[in-house]
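All heavy atoms count here, side chains included; hydrogens, waters and symmetry mates do not. Counting starts at 1 for both ligands and their atoms, following the listed order.
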Amino acid sequence: MTLDYHMHTPLCKHAVGAPEDYVRRALDIGLSEIGMSDHMPMPGWYDPNFRMRRDQFDEYIAMVEDVQSRFGDRLPIRLGLEGDYFPGTEGFVRDILWRADFDYVIGSVHYLGDWAFDNPEYTAQYEGKDVAQIYREYFDMVKGAARSGLFDIVGHPDVIKKFGHRPAGPIDDLLEDALAAVKRAGMALEVNTSGLRYPCREIYPSRRMLEIARALDVPVTLGSDAHKPEQVGLGFDEAKALLREVGYTHVVRYVKREPEPVPIL
Ligand code: ZN
Ligand code: FE
Ligand code: FE
Ligand code: ZN
């Protein structure tokens, strides 16, 4: 089956299209299962312009339940969330996650300190930085996300490459270390095609990272990170080809935060 577990709603202030439009697109292109995963509420000081407000959380759940009730007989629609890992916010995040019966929660790293490194508005801050050092800091955060025990899936696993900043040499040690933590946490890795739309021009994660994940038997999900309906399932032929080349035959689906492997079709 082909599932897309990463799509947004207008509640996050930087996505367009009602959930119904994402669902219709998924039906049009023949996906077998989808999940909505909008950016979760966070404490007021954290990135307020790119996520739902806390008082919109119930509205988000209701939006997903609405499409589940109207389209669920044609397309399984999971209740997901894109969570943020940021040290110090774990208690807040845990409290939010208790408030609904999620099928899965993605754990994404969007900040290094106060720097929103994946936001196009702040790419100037890459200048003068040691790329190897920011990669180390990024993958330390991924390890933190894994150790937090809050999340099921690592979102866009090497998004630090988004704007094309590449370390000079191999980073297998960083990848192995981070993926060992992901494995210990029992999490899956998201194969996220949105990188194809950005200057790195590459799926997250890289082929190398996916090879190491395969060797460690870390399961994978698929996500387009759609912020508009026409992005649903975008790049999935490439993603599925990459998965097969690396030796993956299955992705995992989630129901009530329980993973179940299903063949890639
Ligand atoms: Zn977003
Ligand atoms: Fe993200
Ligand atoms: Fe996203
Ligand atoms: Zn995202």
Side-chain angles (χ1 to χ4, degrees), residues 3-19 21-22 25-26 31 34-42 46-53 56-57 60 63-64 77-86 89 93 96-97 102-112 115-123 138-139 141-142 144-146 148 150-163 178 182 187-200 202-205 209 220-236 239 254:
L3 46 84
D4 187 343
Y5 267 8
H6 197 147
M7 49 190 81
H8 291 273
T9 83
L11 292 177
C12 70
K13 310 175 188 82
H14 63 282
V16 294
D21 303 323
Y22 290 72
R25 179 71 184 165
L31 296 184
I34 65 166
M36 302 302 300
S37 57
D38 207 4
H39 295 284
M40 75 178 301
M42 286 290 273
Y46 180 99
D47 202 36
N49 299 328
F50 294 92
R51 57 194 58 258
M52 67 184 82
R53 296 190 310 268
Q56 292 174 311
F57 180 74
Y60 171 63
M63 282 166 83
V64 179
I77 301 168
R78 300 295 163 211
L79 176 62
L81 195 67
E82 182 171 9
D84 282 65
Y85 174 68
F86 191 81
T89 64
V93 170
I96 294 285
L97 299 186
F102 288 103
D103 289 310
Y104 61 87
V105 180
I106 298 172
S108 293
V109 174
H110 295 119
Y111 275 81
L112 295 177
W115 177 32
F117 65 87
D118 81 327
N119 185 328
E121 284 177 45
Y122 303 111
T123 51
Y138 172 78
F139 284 108
M141 290 282 283
V142 172
S148 76
L150 291 167
F151 310 110
D152 305 301
I153 302 163
V154 184
H156 38 65
D158 59 355
V159 68
I160 190 67
K161 73 186 176 189
K162 179 171 180 176
F163 299 108
V182 171
M187 292 170 74
L189 210 59
E190 175 186 62
V191 175
N192 179 313
T193 55
S194 71
L196 295 168
R197 313 196 289 264
Y198 290 105
C200 64
E202 195 180 86
I203 288 169
Y204 313 118
M209 190 172 187
V220 290
T221 64
L222 263 173
S224 63
D225 216 336
H227 285 69
K228 32 181 122 156
E230 53 277 30
Q231 290 172 340
V232 170
L234 210 62
F236 274 25
Y254 284 85

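Within the 2.8 Å limit, H156 places at least one N, O or S atom next to the Fe ion (ligand 2). Under 2.8 Å from the Fe ion (ligand 2) lies no N/O/S atom of D225, from backbone or side chain alike. Look at H39 and the Zn ion (ligand 1): an N/O/S atom of the residue is under 2.8 Å from the metal. The distance from the Zn ion (ligand 1) to the nearest N/O/S atom of H14 is under 2.8 Å.
Put simply, the side chain of Y5 does not reach to within 4.5 Å of the side chain of E190, judged on heavy atoms. The shortest side-chain heavy-atom distance between V105 and L150 does not fall under the 4.5 Å cut-off.
Taking the side chain to side chain donor-acceptor pair (under 3.5 Å) definition, one finds that Y111 meets it with D47, sequence neighbours left out.
With respect to the salt-bridge test (charged N to carboxylate O, under 4.0 angstrom), the residues R51 and D84 qualify.
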Please determine whether side chain to side chain contact (heavy atoms under 4.5 Å, CB included) holds for the pair Y254 and R78, giving the CA-CA distance in whole Å, both sets of side-chain angles, and the decisive distance to 0.1 Å. CA-CA 8 Å; Y254 284 85; R78 300 295 163 211; over 6 Å; no

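To the nearest 10 degrees, the Fe ion (ligand 3) sees OE1 of E82 and NE2 of H6 at an angle of 90°.
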